[in-house]
Each structure stands twice: as C-alpha cells, then as structure tokens.
Undergrad: 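Quick one: structure below, then a few questions.
Positions are given from 1 along the sequence.
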Amino acid sequence: MQTRVVERNHDFVSELGGEPVTYGDGLVDRIRALAPGGVDAALDFVGGEAVDVSRQVLKSPERVASIVDVAAVEKGGHHVWVRPDPAGLTALAELADQGKLSVHIDRALPLAEAAEALRISRDGHARGKLVLTVGER
C-alpha cells in the first residue's frame, strides 16, 4: 500500500460531495470507520494493491472495477477499458451544453509542453484534466 499522504485534494473531494480519506497505512480501518457496513463500489485508478484493499471494504467484492489492473477480473471484479463511442460522446456533449456536466481542468499547457503534461499526469499531480492548447487563444 502506498504510504504517502495525499491530503491536498480533500477540500475538492468534499466540494464534490465525497468523504476524503487519507491514503497509507490504516486506510482500511479509516474506511470501515466511515462505512461500517461496507461501501457499495470501488474504482481503481492507481493499480498496485488498490483492488485487494478495495475488496476488504466492499459490501460485495465483485463491485470493484479497475482501469489499471487486469487481475481484477481474476479477483471477481472488473477490468474496464474505455473506447470512444460516438453516441456516448454525443450524450456527454448534450449534458455539457445543458450545464449538467462539468469537467475540472487542472491547467492548460501549450502543445510545446506536452512532455511536461505527460510527466504531471504520470506523477499523479493533476487534479482534473490537463489541456494542451494549439496556436494562439
């Protein structure tokens, strides 16, 4: 389990209606304190031991999905690979047009700084989407 403490996004998580929990040693105990009956679902976006830890706090262990760990399937969960879908993208665009969908943008960088954007993404230091701009705005 990661032992680094990531609390810089706790206020943001609260604003979205979530209950922030500090990562690291004791994570399972902190989640159980917030949800003694277990949580409904878990999504893994980081890999490592996330699927195993998530299964410990779920009401139903099969309610874990990972975009990183294909072994989630062997553990009774799901591996999700997203492919662009024109109908789905159209529905998302309509929600955005209606003001029912918002996308948090962490920062915009010029295309010349694409390598920096990739580094930021890989390091896990973006809170939201990174946007590459082309040409002058």
Side-chain angles (χ1 to χ4, degrees):
M1 182 59 159
Q2 286 181 318
T3 56
R4 67 186 172 99
V5 176
V6 182
E7 294 180 348
R8 66 184 174 87
N9 291 324
H10 280 197
D11 289 341
F12 182 65
V13 170
S14 294
E15 289 171 17
L16 295 173
E19 183 67 45
V21 180
T22 302
Y23 293 99
D25 294 335
L27 175 62
V28 169
D29 294 331
R30 287 190 291 280
I31 293 172
R32 285 186 180 143
L34 288 170
V39 297
D40 294 323
L43 305 172
D44 167 29
F45 298 103
V46 297
E49 297 177 353
V51 170
D52 293 326
V53 169
S54 296
R55 288 173 44 85
Q56 294 178 51
V57 297
L58 286 164
K59 292 177 185 176
S60 300
E62 70 276 3
R63 299 282 309 221
V64 63
S66 177
I67 65 168
V68 182
D69 189 353
V70 296
V73 173
E74 297 166 10
K75 298 172 182 177
H78 305 274
H79 178 250
V80 180
W81 183 257
V82 179
R83 297 186 195 285
D85 169 49
L89 292 173
T90 299
L92 288 173
E94 289 170 0
L95 290 172
D97 287 345
Q98 297 167 13
K100 296 179 180 177
L101 172 72
S102 64
V103 178
H104 182 79
I105 297 174
D106 182 274
R107 66 189 92 173
L109 298 161
L111 183 59
E113 294 182 32
E116 174 66 5
L118 182 59
R119 184 196 63 74
I120 293 167
S121 178
R122 284 185 176 162
D123 289 348
H125 295 298
R127 179 175 64 193
K129 297 297 181 184
L130 298 170
V131 175
L132 294 177
T133 57
V134 179
E136 293 190 33
R137 298 186 79 175

Undergrad: Does D97, at its CG atom, have more than 12 non-hydrogen atoms belonging to other residues, nucleotides or ligands within less than 6.0 Å?
TA: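 Above 12, so yes.
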
Undergrad: Using the rule that Ile, Leu, Val, Met, Phe, Trp and Tyr join whenever any side-chain heavy atoms are under 4.5 Å apart, tell me whether V134 and L130 fall into a single cluster.
TA: yes

Undergrad: Indicate, with yes or no, if V13 and V21 share a hydrophobic cluster defined by side-chain heavy-atom contacts under 4.5 Å among Ile, Leu, Val, Met, Phe, Trp and Tyr.
TA: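 Shared cluster, no.
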
Undergrad: Of all heavy-atom pairs between F45 and I67, which one has the smallest distance, and what is that distance?
TA: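 Looking at all heavy atoms of both residues, the shortest contact is CD2-CD1, 3.4 Å.
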
Undergrad: Rounded to the nearest 0.5 Å, what's the gap from CG on L95 to OG1 on T90? Could you check?
TA: 11.0 Å

Undergrad: Can you confirm whether L92 sits close enough to L101 that some side-chain heavy atom of one is under 4.5 Å from a side-chain heavy atom of the other?
TA: yes

Undergrad: Could you tell me which non-hydrogen atom of S66 sits nearest to which non-hydrogen atom of V51, and how far apart they are?
TA: CB-CG2, 4.1 Å

Undergrad: Over all heavy atoms of both residues, which pair between V73 and H79 is shortest? Give the atoms and the distance, please.
TA: CG2-N, 3.6 Å

Undergrad: Taking side chain as C-beta onward, heavy atoms only, is V28 less than 4.5 Å from V53?
TA: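 Yes; the side chains approach each other to less than 4.5 Å.
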
Undergrad: Please name the pair of heavy atoms, one in T133 and one in A108, separated by the smallest distance, quoted to 0.1 Å.
TA: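 Here T133 and A108 meet closest at CG2-CB, 4.0 Å.
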
Undergrad: In Å and rounded to the nearest 0.5 Å, what is the CZ to NE2 distance from R63 to H78?
TA: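 Between R63 CZ and H78 NE2, I get 8.0 Å after rounding to 0.5 Å.
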
Undergrad: Rounded to the nearest 0.5 Å, what's the gap from CD on E116 to CG on L132? Could you check?
TA: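 Result: 11.0 Å between the selected atoms.
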
Undergrad: Measure the spacing between CZ of R32 and CG of L27 and express it to the nearest 0.5 Å.
TA: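 If we round to the nearest 0.5 Å, R32:CZ and L27:CG are 10.0 Å apart.
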
Undergrad: Where do V64 and S54 come nearest, in terms of heavy atoms and distance?
TA: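 Shortest heavy-atom contact: CG2-CB, 3.9 Å.
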
Undergrad: Whether the side chain of S121 engages the backbone of A117 through a donor-acceptor N/O pair (distance < 3.5 Å, no angle test) should be reported.
TA: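 Flag not set: sc S121 to bb A117 has no pair under 3.5 Å.
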
Undergrad: Does L109 belong to the same Ile/Leu/Val/Met/Phe/Trp/Tyr cluster as L118, with side-chain heavy atoms less than 4.5 Å apart forming each link?
TA: no

Undergrad: Can you confirm whether I120 sits close enough to R107 that some side-chain heavy atom of one is under 4.5 Å from a side-chain heavy atom of the other?
TA: yes

Undergrad: Measuring from E49:CD to Q56:CD, what's the distance to the nearest 0.5 Å?
TA: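 Rounded to the nearest 0.5 Å, the CD-CD separation comes out at 9.0 Å.
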
Undergrad: Could you report the tightest heavy-atom contact between H104 and R127, atom names first, then the distance?
TA: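 Of all heavy-atom pairs spanning H104 and R127, the closest is CD2-O, 2.6 Å.
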
Undergrad: Quick check for you: to the nearest 0.5 Å, what is the distance between D69 atom CG and D52 atom CG?
TA: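 With rounding to 0.5 Å, CG (D69) is 7.5 Å from CG (D52).
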
Undergrad: Would V80 end up clustered with V68 when hydrophobic side chains under 4.5 Å apart are linked, directly or stepwise?
TA: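 Yes; V68 is reachable from V80 via cluster members.
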
